[in-house]
Amino acid sequence: MKSLLFICTGNYYRSRIAEILFNHYSAIQNVQWHADSRGLTVQSELKGLSHHARKYLEEHKIELPTDALRNPIAISVDDFTKYDKVV
């Protein structure tokens, strides 16, 4: 299984929604890739997943993965070598 990392500023909306959508559609298509996401800077006041992201997923009937409500994670130097592709 290959791995993909999506990066955005805060790992609260954009990279998280990309991760969830990618994993959702790759599972449907049986693509042997798995995505994670990180943020360049993680602001401590951001918790969980953006309500905008949750609303989008609900509207499109995409089930939230069990770990989707985790708090944002900051990128580390190791992440750049851990993943096969970084976006």
Side-chain angles (χ1 to χ4, degrees):
M1 171 100 40
K2 296 220 177 203
S3 59
L4 172 65
L5 181 65
F6 290 104
I7 303 171
C8 73
T9 304
N11 193 225
Y12 182 64
Y13 180 74
R14 292 169 299 209
S15 60
R16 297 282 289 284
I17 198 86
E19 170 191 348
I20 293 167
L21 289 173
F22 183 91
N23 289 334
H24 173 79
Y25 288 112
S26 66
I28 290 171
Q29 296 294 319
N30 198 27
V31 175
Q32 297 301 304
W33 280 77
H34 177 78
D36 288 316
S37 63
R38 300 287 186 271
L40 294 174
T41 61
V42 175
Q43 300 171 4
S44 61
E45 69 269 5
L46 298 177
K47 303 291 183 204
L49 178 66
S50 163
H51 70 279
H52 297 290
R54 283 193 246 174
K55 181 179 177 187
Y56 176 88
L57 295 168
E58 289 171 8
E59 289 172 352
H60 290 84
K61 298 181 178 19
I62 296 173
E63 187 175 327
L64 280 175
T66 55
D67 67 340
L69 299 179
R70 68 164 172 77
N71 289 334
I73 300 172
I75 196 164
S76 70
V77 173
D78 293 337
D79 287 327
F80 287 99
T81 57
K82 178 181 173 184
Y83 291 90
D84 295 299
K85 297 283 181 187
V86 178
V87 177

To the nearest 0.5 Å, what is the distance between [atom1] ([X]) and [atom2] ([Y])?
X     : Y     : atom1 : atom2 : value
Ile75 : Ile7  : CD1   : CD1   : 3.0 Å
Met1  : Ser26 : CE    : OG    : 7.5 Å
Lys82 : Leu5  : NZ    : CG    : 8.5 Å

### Query
Can you check whether Phe6 reaches Ile20 side chain to side chain, under 4.5 Å on heavy atoms?
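Counting from C-beta outward, Phe6 and Ile20 never come under 4.5 Å.
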
#### Entry: Min side-chain heavy-atom separation Asp79-Val86 under 4.5 Å
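Sidechains of Val86 and Asp79: no contact.
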
### Task
Would you check, one step at a time, whether the test side chain to side chain contact (heavy atoms under 4.5 Å, CB included) holds for Ile73 with Asp36?
CA-CA 10 Å; Ile73 300 172; Asp36 288 316; over 6 Å; no

### Message
According to side chain to side chain contact (heavy atoms under 4.5 Å, CB included), who are the partners of Glu63, at least two apart in sequence or on a separate chain?
### Response
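Once residues adjacent in sequence are excluded, Glu63 has no partner under the side chain to side chain contact (heavy atoms under 4.5 Å, CB included) criterion.
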
### Message
Would a single hydrophobic cluster contain both Val31 and Val87, if residues Ile, Leu, Val, Met, Phe, Trp and Tyr are joined by side-chain heavy-atom contacts under 4.5 Å?
### Response
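Yes, because Val87 and Val31 connect within a single hydrophobic cluster, where side-chain heavy atoms sit under 4.5 Å apart.
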
#### Entry: same_hphob_cluster(Ile28, Leu4) at 4.5 Å side-chain heavy-atom cutoff
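No, no single cluster joins them.
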
### Task
Any pair with a residue in residues 5-17 that passes side-chain hydrogen bond (donor to acceptor under 3.5 Å, both in side chains), sequence neighbours left out, goes on the list, sorted by first then second residue, please.
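Every pair satisfying side-chain hydrogen bond (donor to acceptor under 3.5 Å, both in side chains) with a residue in residues 5-17: Thr9-Arg14, Asn11-Ser15, Asn11-Ser37, Asn11-Arg70.
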
### Query
So, the side chain of Ser3 versus the backbone of His34: is there a donor-acceptor pair under 3.5 Å, distance only?
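No: the side chain of Ser3 does not pair with the backbone of His34.
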
### Whether Arg54 side chain and Leu49 backbone form a donor-acceptor pair below 3.5 Å
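Such a contact is found between Arg54 side chain and Leu49 backbone.
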
### Task
Take Leu21 and Ile62 through the test side chain to side chain contact (heavy atoms under 4.5 Å, CB included) and record every step on the way to the result.
CA-CA 8 Å; Leu21 289 173; Ile62 296 173; 3.3 Å; yes

### Task
May I have all residue pairs that pass ring pair (Phe, Tyr, Trp, His ring centres under 6.0 Å) and include part of residues 54-87, sequence neighbours excluded?
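Every ring pair (Phe, Tyr, Trp, His ring centres under 6.0 Å) pair that includes a residue of residues 54-87, provided the two are not neighbours, is Tyr56-His60.
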
### Task
Tell me, yes or no, whether the heavy-atom count around Lys47 atom NZ, taken from other residues, nucleotides or ligands under 6.0 Å, exceeds 12.
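Result for NZ/Lys47: enclosed.
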
